[in-house]
Every structure is written in C-alpha cells, then in structure tokens.
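My structure is below; once you've seen it, I'll send some questions.
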Amino acid sequence: MGPDVTWYLVVAALLFSIGTLGVLLRRSPLIVLLSLEIMLNSANLALISFSRLHGDHDGQIFALAVMAVAASEVVVGLGLIVAVARRKLVLDVDRFRVLRG
Amino acid sequence: MGNVLVWAIWIGAAAACLGSGIAVVSFANPFFSALALIGNLASLAVLFLLASAEFVAAAQVLVYAGAVMVMFLFVIAYLGGRADTPFEGGPSWVSFGAVLAATALLVEIVVAIGLKAGDLLADEAEVGAAFGSPAEIGRFFLTDHLLAFEITSIVLLIAAVGGVILGTKTRAEEQLDRLDKAAP
Amino acid sequence: MIDAPKVDWLALSPTLALLAAAGVALLASVIGPAWFRRGFAAFVTFGGFVTAGVLAGFLFDRSPDAQPLLNESMTRDRWAALAAIVLAGAGALSVLVSWGETRRDHAGEYYALLAAAGAGMVFFVGASNLMTLFLGLEWFSLALYILCALDTHRATSLEAGLKYLIVGSFGSGILLFGSALVYGATGELGFAEIAAAGVTDDSLLLAGLAMIVAGLGFKASAAPFHMWTPDVYQGAPTSVTAFMSAATKVAALVLTLRVLTVAFPEQEHLWTVAVAVIAIVSLAVGNIAALVQRDVKRLLAYSSVSHAGFMLIAVAANSPLGGRALLYYLIPYSAMSIGSFAVVAARERELGAPVTLDNLGGFLWERPFLGASMWVFLLGLMGMPLTGGLVGKFYVFSAAYESGWWWLVVAGVIGTAISLYYYLRVLLAMWTRPEPTALRPVVAGGSPPRDPLLASAVFASFAVTIGSFFFVQPLIDLARDAADSLPF
Amino acid sequence: MTTALIFLPLAGALLVWLLPLPGRASGVLATLIGLAEVALWAVAVRQFDFAQNLQLEDRQSWFDDLGVSYHVGFFGFSLWLAGLTVVVCAAGIGYATWANPERARAYQGLLLFLTGSIVGVFAAQDLLVFYVFFEAMLIPLYVLIGVWGGERRAFATVKFVVYTMAGSLLMLASIIVFGLSQGTFDLVDSGVSSNDWVFLGFLAAFAVKAPLFPFHGWLVDAYRESPPEVAAILSGVVSKAAVYGLFRIAIAKFPEPVQEFQVPILVAATIGLVYGSLLAFRARDVRSVTAYSSMAQMGLIVMGLFSLNELGINGAILQSVAHGLVSATLFLLAGMLETRTGTSAFARLGGLARGRPELATVLLVVGIIALAVPGSVSFAGEFLILAGIYAEGWAWAAIGAGAIVLAAMYMLRLISAVLHRSRGEAVRDEALDLRPAELAVVLPLLAALLFLSASPNSITERNFPIPGSDVSEAAR
C-alpha cells in the first residue's frame, strides 16, 4: 500500500501553483507555454489520483483527452510564436504594448 | 517491504516532479526549461503508474515527453537566441499580484484537501488488475465517452490546421518583407 | 464485444452541419483553384450556419423534454437548441461581415475555422458533463485563437492571438483543475450526477466550483477575468471580433447557467453571491474603463465586459425569470454587438486605419444607412427605447428584483448611467464634421467601397434590434420554453 | 385614435428622413405633418367627453409574463397637455422651416419624432410605455442640442444627459419595483403603493424634468445653447411631462408618501419659485430670463399640484398650458431677435420698438400675459393655484403672491430692455420687422393665448379628478 490520495493532491496543488506563477511571472511566451503545460499536467495528476480513489475510469479518460488538448494548444501556441518571430517582433508577453490603451 | 519501496519511488518521483516544475519556470533559457519539463513529465508518468494508470502513463511518455517536447525543442532551436528573455527584473505590482494569486490558489486547494483528508480520501476503492489497462480505456472511449473521443480528434485537427496556417509565410508578409528590404 | 452506443443524430445535427461545412470549406481551400476558394468557402460556411440554425429550430420543436445523451455526455433540450439558433444567426451574420475583408491569404481556411468554431459552440451549449464541457470549450477556443491571429502580417493580430491563447489557456487550466476537484469530491463528471451525489458542504467541491466559475468567467469576459478582452477585440480581424463578441458570450453564459443550476443546486446560496459579485465588478470595470477609450473597438470591448455584467445579473437571479431574461437579452445583444462591429469594419475598410472617435466624424452624413444603424445599435447598448436593449435590461432587473437582489438592480442602474457618457461620445462624434484642417486619411479611389453583404448583415442586425422591442412576446415564449428545461 | 395621434408624427419623421427632399421642401412637408397633427388633435377633442375619465383607449398586450401592455388613452387634463404639445411643436417646426438649419431633413425629422414621443408620454397608461416615451423624447433632444446647439453645446448636452438620465434610471428601478409588487405595469389596473423609496425614485425623474429646485442645474445651459424652437419645446412642453408624471403616477399611485412628502415638496417648489424669479430678475439676456422664469413657473405649477385639492390642480393644469404657450412664444421671439441682432443680451439690445410695430406688439402682448395682468390666462391660472395652496396654509400663498410680483418686474424689465431705452449697439436700422412667415408662426400661439385669456373656463370648467385614486374620491 503506497501513499494515499492526499499526497498526490498535495503534489498536484503545488505543481498547479508553480505553473500559475510561471504563467503570471515569466515574459518569454515559450516559457509561459511550458508553464501552461505544467498547469494542465497538475490537473491530470489530480484527475488520475481521484480516478484511483473512486475506482472508475472517467478520470483517466479525462486525463487522456486533456493530453490531446494540451498538445493542440502547444501546436497553436508554437505556431503563433514562430509567426511572431518571423515578423521580427519582440518575444515578450509584457512588451506587447501596441495593444495597451 | 513492498510498501517501503513504493513509498521510496513515490517520494523520489514527487520530488523530481516538483523540482523540475520549479526549474521550468525559473530557468532563463527556454531550452533548459523545456528539458526540465521533459523530466517533469517523466516523473509524472511514474506517479501515474503508481496510481494504477498504466495506459495514461504510457501515453504521457509517448505523446507528451516524446512528440510534444520534440516539437518544443525544435521551435526553440529554430528561434535560437531570440527565445531568451531575462527573468522578470525587480519586484513589480504584477509579480506581487501573481505571487499573491498563486499562493491564494495553493492555500485554497490545500485547505480543501486538508479538510477532506480525514474522511473520504482515505478509503480507496478496490480495483482489479485490469484497471487502467489499454483495453479498459479503449472500451470506455468507444462507449460511454464516445463524444469526448470524437471531440479530441476534432480539436487535434483544428490545431493541425492552425499550425499549418500560422507556420506558412503569407503573401502579405512577403510583401512587407520586400518593403523592408527596399527601405534603407 | 463492444456494443455500439446509440447516437441521437438529430441532437447532434446542428453541430454536424457546421462540421461538414468546415470540412468542405477546408477541402476546397486546399484542392480548389485559387479564385474558387474564398467564394466557395464563404458560401458553404454561410450555408452551414443557416442549416445549423434550421436544424436547431427543428430540434427545439422536437425536444419538449430534456434528454441526456450518450451517458450524460450532452443534453438534448430546448435551452441548448435556442442558444444554438442564436449562435447560428451570429455566425451567419459574421460570414456576411467578413466578405468585404478581401483576404488574400488563408481565405478558405478562415471560413473553415469560423464554421469549426461555430460547431464547437453549438456543441458546447449542450454539454452536460465536465469532460465535454472542457473539450467543447477548447474546441471553439482553439479555432478562435487561430482566427484572431489569422492576419499574420499585422503585428496587432498576432499579438491578439498569442495573448488570447495564453490568457484563454490559463482560464481553461483553472477550469480543468476545478473540474478535477469536483470529480474528486463526487466521483462523477455528469452535471446531473454531481448534483445527485448529494455532496453538499464539501470543501473540495466548493473549491472546484469556484474555479469552474472563474474559468467560465474568462470566456464570458467578465471582470476580473476580462484583461484579454480589449486587446484581443482590438487586434483580431473585425469580423472575428464581431463573431466573438456575440457568440462566445452566448455560449459561455448559457453554459454557465446550465452547469450552475444542474450540477450545483445545493450550493446555490454560494454561487449566486459569487456571480452577483462578478457581475458588479464587471459593470464597474467595463463601464469605467470604457470612459477613457478613444479607439472604438476597445470602447466596444469594454462595453461588452459591462454587458457580461448585466447578463450575469440574470444568472445570479437563478430563477425561471432569470433564465428567460438571459436568453432574451442575448438575442438583441448579439445583434447589436455584431451590427456595431460590422459598422466599425465598414469604416475601417473605408479609412484603411483603426477607427477612433476622431475619424468617426461626419460618418452619419457620409454613410447615412450605416451611421443610423450604428446609432440604433449604440442606443440599444445604452438600453434606450425602440430597441430590444431596453426590454432586455428591464427583464434582467425584474429577474434580479424578483429574486431579492435589489442591490444588483441599483448597481445595474448606476452602470447604465455611467455607460451613457461614452456611448454618447460615439453618438455625437458621428454627427460632427471634423475640422477641415484635421488630417484625414483619403479614401482610396474616391467613393467608399460598396459592400452589399455587410450592409445586409447590418440591416439584419438592425431588424433584430428593433424587432425584438416590438415582438417581445414570441421571443419570451421561446425563452420560457427553453428555460423550462433547466431545473430551477 | 390615440395611437394615430402618437404615430402620425413618428411616421412623419420616418417619411421626412427617407424622402430625399431639399431642406426647405422637407421643412414644408414637416410643417404640413405638424398641422395635420393639430387637426387630428382637434378631431380627438371633438370625440372626447370631458365629463368622463379615461377615453380614446387603445390596448394591446406586449409581454404578458410581467403584465406589460401597450396601453394608451387620454384623461381630460392630458388631452389638453397633448394639445399644447401639438400646437407648440407645429409652431416650432414652422419656425425651423423658416430658419432652415443645416441638415434640415434630419432636423425636421427629429422635431417630428420629438412631437410623437411627447404625445406618447401624455397618453401612456402603462408604466413601461410611459418610460419608453419618456426616454424616446430625450433622444432627439440630446441630438438637437448636441449637434445644432450654440457654442457650448457639448457641455450643455452632457449636463442635460447626466441630469435627465440619472432621474430616468431611478424611475426605471422604481417602475420595476412598483410593477412587480403590483403584478402589473398597467396604470389603470394597478393599485396604490405606500413605498417611500419607490415614490422618491419617480419623484427624482419628474423633479429633474420639471425642473424642481435643487435639480435645475442643467436648465440654463440647455435653454441657452439649444436652437430657439428646441428651447421653446423644451421649456414649453417637455417640462410638462413632469406635470403629467407627478399627477398621473406620483399623486395618483402613492397617496401615503404624497401626504408624507407634501411639505418638503412644497418647500422645494416654493424655493424654486422664489429663487427662479430672483435669478430671472438678475439675468442679463432674453433667453436666461425666460429660462429662469420657466423654472419659477414650474415651481408654481408643482405647488398647485401638491396642494392636493381640486382648485390647485385645476390651476396647475391651466397654468401648464398657459406657461407652455407663453414660454414657447418668448423663446421663438428670442430666436427672432437673435437672427436680427446676433445677441439676446440686454446690454446690446434696446430701442427695437421704433419702426418695428409688429415685433413690439407681439412681444408686448406676450409679456403682458406672462406677467399675469388680471384678465390674462396666466392670471387665472396663478389665481387658482394660490387659492388652492391657501387651503394648505396662508404662508404658501403669501410667498407665491410675492413671487408673482417679482415676475411682473422681470417681465417689464425684459420688455423695456428690448423694446425701449436708447438703441443698443447690436441694433441696426437694417434689422427688419417680423416677416410674414415669422408672424405666421407666432400669431397662432398668441391667438391661443388670447382665446384662453378670454375664456379660461374652456379648460377649467372640466375639473380634473386625480385618476383612479382615493384622493380623487375625497376631492369630489
């Protein structure tokens, strides 16, 4: 018998906060994307541990679907970053000042 | 004795997971961040395995750590030095607010978990050996969660189209480039 | 070994029609000859939206009782069907608005993505478990992120796309973690099953509920989750902005009320207060921030934040009257919102520059039809008579008062009073002639470009805005039937 | 019938906007529509039985779940107010046709739209319908002031909008609370309420519109910056929407709060009367004098209404009509002076009577009626109001009478400053007497005033019971 669900959840919550901090604090869109991945993964960890807790598969299925969604977000996000770089714009989330009013 | 081993692996994986998570958000160079995320994903996969989610763990390694991260690294390599941006310099209102928000989230969730820990979270359901196996997951995807399965494919398709659209240089952009070149 | 699940094709038909349209448009834009792509894709997408609207109407007629489908993945009911009709209408109008944006690159893909986003929203409003909710949300959001960034040669468009992607994904991350917590507390994903699990004052469930409300708040652009709204609305292609401002709001708000009433009836005393507070913050932030804007798209973006506040008042009412008020309000609101962005788009094309209060001068005299329509849309957003905006506000306030939220009525009244100032600035700007010395961009080729499709979209929005004032009864009857399928 | 009376000008507005006529022609068309509206009103008066209560009703369900219907009809007093509206608006449109402003089509259409909405306000028998027309009336006013106004029009418009909308929105909140607690928004079906807050919400809207002291901040700027015919309609007619609202809603539906707040309201009205008169006495131009006198007169009318007895209310209605005509005529005359001299400041006017007999006669007659010489309609109205308010306390009547003396003084000052004294610097010999077109606009108003002066009882012989309330039972 290993650690119970509470421990998993604590790790998930910590990971979620780390991801949140990364999204809010970092300026490089690439690292922001990576931090978003961490947020989604922490949710996956929570889903899977709850799935184990309740003994039904819904959580695992959800986690798989989330994985696919996360991959999709990465594709679009990276596409955008490449397009921004191609236009020789500054890659800095905070410096998108053209749109501040 | 098996318990101690499980605990040891679990603690190792959790520590690796959190450590690499912190590394991802604090490295200045996105290349190292991405590498740290691979470690994060791998250690998460171990945790998934320990929570009897074999198939998800396998998918995590194959899809995520494999395919997605390769894409990441490729883009970072393509961008080269431009991808580097310094860490947020000096405390600002934004960073203060961010830390506050993240802490609030953490406290909220941990308190929620803590309040819960006594009763419900303790008694785990008994699961058979087939729990989390590819066959089981597959069956659910084709019956109860058919819609989710289908939507996942649509989302991926949209993302693929988006990747192609955003990745190709358009005529309007070429025109702009020509204008840039023409200008001294 | 595996029994094929029974699929209710009629319930899925509006979504499928739009998906089919998206597929055909995509194919055509890949294999069709260059001259053929744009027109064909636009035509197919328009047809897809119209078909989806008709099918949703049929669905509305055929589903007097709510029915769960595919193991609670989605619900077939009139609530979703009516929302789907509004969404289809908004989509069709956006196609008309977009035609004049003579896009040379990715024209076919533009329409394919528009149809795909519409399909996602039409599906989303019927979602009835947390997984399909999340997936539907991501479905239409991803399509919208790409659409926002489609004009890759414009820095503002790219920035809008990236910003929307980051903030939107952040919001859905919060929503996802909240869903996970709710799943953990109840062991269920389906809305009705969550309510049936009988978990009431569980801290995990409440934390999850709070995060779900916040996540949906991002999509409805309710303050304090609105920070992406002005930038994205300003930077995105204007036809996309028109679509987003109407359709995203419809989808997010309609689903918010559904998930709250179906899944969390026991926590009513908590979420009504939370929603009421979000409504007030939205009213305050949207209206006050709009006061200082000079760019018309940004101004309208903040106005849409404040309207999210108005409609959340109806959600907070948590009553059949509130449901009716929400659905009724969404109809003229969608029309006014699309219409006003369409007029902005027309002016933008005419000037070749972003529309500000300064270069709107004399618009009413130069383009009387568009100018007068803009007047009607703005009066509608103000809640002035002869537009559905007045009746919408009347219903929302009535619902709030009936549920005992008199201070929401007061907040709404104050919000409206503040909003008058900035709407009036736009209204008067359109009458005044700019100073002859002022620098004005010259219209290329002399007379302004003719765009009958955009004009017809504006006319349709105009007709809905005015018509919903005079024909309240039939619309309310529809909204009543729809709201009856939610358990209040 | 009522519906036709409301929608004829609205349809006319649409026609004027859509027909591509040149400026003057669209003005003529608008004038014809305005005259047709007057004729229609005359027909309505003939059909109307003044011995009865609500008549000429039209009713059509609008949305039933909240009990809102399109319900319009006239009481005796509101038919007179509607008559005032159609006459003054027709004169205003006629004046605008003569003045021929820029963008005449839009201008005339807005004036017609305004006419229809005001008639709608006076006819509304459902609270939401009332609110709709009340707001619809403001939209053209915002534009007319904001676009065609004087130098400081932007400031005047914003001030006007802020004041009026603040009042209107409070009224909307009150309407919702009142309607939902009554179960219907119909003014005939609904009962009375004793909720002070709801009453105050309604009162706020009407106090701003009247304007009642201390809600008069918007008044001078709006009256001074609007085009003359708009100022005429604003002071002559639009302010009477407040009279209708106070009488039909505030007094009729809130008998208890009315009793409770009678004294504070009377105090505000009295202060308004005295303060307005003093300001008018100190004002330095024709428009300001007329504007402040308008405020003073509205104070007097509100005193009459809140005397809550038949005499005072009859006087208030009569005085509403009389003041509407007087003030509209004065503003139109001010406009005519401005086209001749470019100013309405007393310092630069004077001596206009010499060689301009028609102008002098018209101004003198209106001025004399305005200062309420015995025998004039204003005298009759003020007398009735004072008699009514006397029943509530002699002090009110005494202050009112004092203010009326002040009124005589400022009107005489106005007449002498414009017509007599030595010639002002802005007055040139080339400045002509009133043109036939101008006379055609002013003379009907003057004729109406003289007719009412000759027989004020054509209005007052029908008494005006408070519609559908206990107070009216008591008054009978």
Side-chain angles (χ1 to χ4, degrees), chain A residues 1-11 13-22 24-28 30-31 34-35 37-38 41 44-45 48-49 51-55 57 60-61 63-65 67-76 78-83 85-87 91-92 94, chain B residues 3 6-7 10 14 17-18 21-22 24-25 30 33-34 37 40 44 47-48 50-53 56 59 63-64 68 71 75-76 79 82-83 85 88 95 98-99 101-102 105-106 109-110 113 117 121-122 124-127 132 136-137 140-141 145 148 152 155-156 159-160 162-163 166-167 169:
Chain A
M1 192 64 201
D4 72 16
V5 177
T6 316
W7 294 104
Y8 282 94
L9 283 185
V10 170
V11 173
L14 281 170
L15 207 54
F16 188 77
S17 306
I18 293 169
T20 310
L21 273 179
L24 295 177
L25 285 182
R26 294 308 303 263
R27 295 158 66 178
S28 160
L30 274 168
I31 293 183
L34 291 170
S35 307
E37 294 304 304
I38 292 184
N41 269 300
N44 270 358
L45 182 57
I48 281 173
S49 54
S51 168
R52 175 72 189 80
L53 171 73
H54 297 301
H57 282 99
Q60 294 195 8
I61 307 252
L64 281 171
M67 242 179 247
V69 165
S72 315
E73 273 178 10
V74 168
V75 169
V76 176
L78 288 179
L80 273 166
I81 290 171
V82 168
R86 201 170 56 220
R87 298 283 311 118
L91 275 172
D92 183 340
D94 283 357
Chain B
N3 267 351
V6 169
W7 267 102
W10 190 88
C17 168
L18 291 176
I22 292 170
V24 169
V25 301
S33 284
L37 188 64
N40 183 277
L44 271 173
L47 290 181
F48 289 176
L50 290 178
S52 7
V56 184
V63 175
Y64 236 130
V68 174
M71 198 160 59
V75 168
I76 293 169
L79 295 179
R82 264 183 301 174
T85 43
E88 177 83 349
S95 55
V99 174
L105 274 175
L106 181 67
I109 297 164
V110 168
I113 296 166
L121 292 189
E124 253 171 57
E126 290 296 318
V127 291
E136 282 287 283
I137 302 275
F140 275 105
F141 257 138
H145 297 295
T152 310
V155 170
L156 283 168
L166 296 170
K169 199 166 197 171

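Letters A, B, ... mirror the listed sequences (proteins, then strands); counts begin at 1.
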Among the listed options S51(A), A63(A), G19(A), the residue most often paired with chain B at heavy-atom distances under 4.5 Å |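 Top option by heavy-atom pairs under 4.5 Å: S51(A).
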
Between chain A and each of S52(B), A160(B), A59(B), count heavy-atom pairs under 4.5 Å; write down the option with the most.
->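 Highest number of heavy-atom pairs under 4.5 Å: S52(B).
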
To the nearest 0.5 Å, what is the distance between CZ (R86(A)) and NZ (K169(B))?
->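 Output value for this atom pair is 7.0 Å.
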
Y8(A) and W10(B) aromatic ring geometry - parallel, tilted or perpendicular at 30°/60° bounds =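 W10(B) and Y8(A): perpendicular rings.
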
When heavy-atom pairs shorter than 4.5 Å are enumerated against chain A, which of A53(B), G163(B), A148(B) gives the highest number?
->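 Most heavy-atom pairs under 4.5 Å with chain A: A53(B).
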
Minimum-distance pair of heavy atoms, taken over all atoms of C17(B) and L15(A) =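 Reported closest heavy-atom pair: SG-CD2, 3.5 Å.
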
Specify the closest pair of heavy atoms between V76(A) and A159(B), including all atoms of both residues, with the distance to one decimal.
->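 Looks like CG2-CA, 4.0 Å.
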
Atom of I18(A), atom of G21(B) and distance for their closest heavy-atom approach |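 Closest approach of I18(A) to G21(B): CG2-O, 3.5 Å.
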
Minimum heavy-atom separation for L34(A) to S33(B), with atom names?
->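 Closest heavy-atom pair between L34(A) and S33(B): CD1-CB, 3.6 Å.
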
Are the side chain of R26(A) and the backbone N or O of V25(B) linked by a donor-acceptor pair below 3.5 Å?
->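 Indeed, once roles are kept as given, a pair shorter than 3.5 Å links the two residues.
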
Determine the minimum heavy-atom distance between A68(A) and L156(B), stating which atoms define it.
->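 In terms of heavy atoms, the two residues are closest at O-CD2, 3.7 Å.
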
Side-chain contact test, heavy atoms from C-beta onward, threshold under 4.5 Å: evaluate it for V82(A) versus L166(B) and give yes or no.
->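 SC-SC contact between V82(A) and L166(B) ruled out.
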
Taking the side chain as C-beta and beyond, is there a heavy-atom pair between L30(A) and L79(B) under 4.5 Å?
->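 Yes, close enough: below the 4.5 Å cut-off.
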
Part of L37(B) lying under 4.5 Å from any heavy atom of chain A =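 When you check distances to chain A, only side chain atoms of L37(B) fall under 4.5 Å.
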
Measure the shortest side-chain to side-chain distance between L50(B) and R52(A) over non-hydrogen atoms and say whether it is less than 4.5 angstrom.
->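 A side-chain contact is absent here, since even the closest heavy-atom pair is not under 4.5 Å.
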
Which heavy atom in F141(B) sits nearest to a heavy atom in I61(A), and how many Å separate them?
->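 Heavy atoms only, the tightest pair is CE2-CG2, 3.4 Å.
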
If you measure from CG on N41(A) to CG on N40(B), what distance do you get to the nearest 0.5 Å?
->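 The CG atom of N40(B) is 6.5 Å from CG of N41(A), to the nearest 0.5 Å.
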
Within a strict 4.5 Å, meaning less than it, do heavy atoms of the I38(A) and V24(B) side chains meet?
->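 In contact.
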
Y64(B) side chain reached by E37(A) side chain, heavy atoms, under 4.5 Å |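 With C-beta onward as the side chain, the pair touches.
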
So which of N44(A), L45(A), T20(A), V10(A) has the biggest tally of heavy-atom pairs under 4.5 Å with chain B?
->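 That would be L45(A).
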
With a 4.5 angstrom heavy-atom cut-off, could you sort out which part of L47(B) is near chain A: side chain, backbone, both or neither?
->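 Both backbone and side chain of L47(B) come within 4.5 Å of chain A.
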
Interface residue of largest heavy-atom contact number with chain B, from G55(A), S35(A), S49(A), G22(A), under 4.5 Å =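 The answer is G55(A).
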
